[in-house]
Amino acid sequence: MDYSKLIYKAIKAREEAYAPYSNFKVGASVMTEDGSIYSGCNIENASYGATNCAERTAIFKAVSEGHRKLKAIAIVGSPEEYTYPCGICRQVIVEFSQDNMDIIIAKNKDDYIVKKLDEIMPGAFSKKDLGK
Ligand code: THU
């Protein structure tokens, strides 16, 4: 699968990151079942706990536009290290993952790794545990 466009969109979204407290900018893009792409950045707050991660910004944009099945997510954080999604975002990814979706973790457009969701979130609690 060619994820270059998804990574590019995450890189562009990262430019909009609002991170005056941590100075740690993150961009993310999700690909929905029908192939459309939604992107987002982290959005911090003076009340730190109100911060929203880039992954959740992108996912919530997709879901709020009617897309509940996601095929892949690209995440671009540090250019030096691979930035994996935080625990809260992993849980949100589980909620809207179609099958066992691809997680693309990029330092830049040329340097990235692809993981499966169950590699980074084994034994996840999900709707199946609730009989849904
Ligand atoms: N952050 C993300 O946007 N995604 C992650 O997966 C890790 C953390 C943001 C939240 C906060 O704005 C900053 O990075 C430092 O934690």
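Every number for a ligand or one of its atoms is a count from 1 in the order of the listing.
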Check: [Y] main-chain N/O paired with [X] side-chain donor or acceptor under 3.5 Å:
X: Lys69; Y: Phe96; result: no
X: Ser47; Y: Gly49; result: no
X: Thr57; Y: Cys41; result: yes
X: Asn100; Y: Asp118; result: yes

- prompt: Applying a 4.0 Å heavy-atom criterion (strictly less than), which segment of Tyr84 is in contact with ligand 1: side chain, backbone, both, or neither?
  reply: backbone
query: Can you tell which part of Cys53 has a heavy atom less than 4.0 Å from ligand 1: side chain, backbone, both or neither?
result: both
Considering only protein heavy atoms, which is closest to [atom], and at what distance to one decimal place?
atom: atom 3 (O) of ligand 1; result: Ala54 N, 3.0 Å
atom: atom 5 (C) of ligand 1; result: Glu55 OE2, 3.4 Å
atom: atom 9 (C) of ligand 1; result: Asn42 ND2, 3.6 Å
atom: atom 14 (O) of ligand 1; result: Phe24 CD2, 3.5 Å
atom: atom 11 (C) of ligand 1; result: Glu44 OE2, 3.3 Å

field: Geometric cation-pi criterion, Lys107 with Tyr82: 6.0 Å, 45°
entry: yes
- request: Verify the distance criterion only: is there a donor paired with an acceptor across the side chains of Ser22 and Glu44 at less than 3.5 Å?
  value: yes
field: Asp102/Lys116 under salt bridge (Lys or Arg N to Asp or Glu O under 4.0 Å): CA gap, chis, key distance, verdict
entry: CA-CA 5 Å; Asp102 286 347; Lys116 298 302 279 187; 2.8 Å; yes
For Ser22, atoms of ligand 1 separated by under 4.0 Å from a heavy atom: 13 (C), 15 (C)
Any protein heavy atom < 4.0 Å from atom 16 (O) of ligand 1: no
query: Are Tyr3 and Tyr112 close enough that their ring centers fall under 6.0 Å?
result: no
query: Do Pro85 and ligand 1 have an N or O pair less than 3.5 Å apart?
result: no
- request: Report yes or no: does a heavy atom of Cys86 sit under 4.0 Å from some atom of ligand 1?
  value: yes
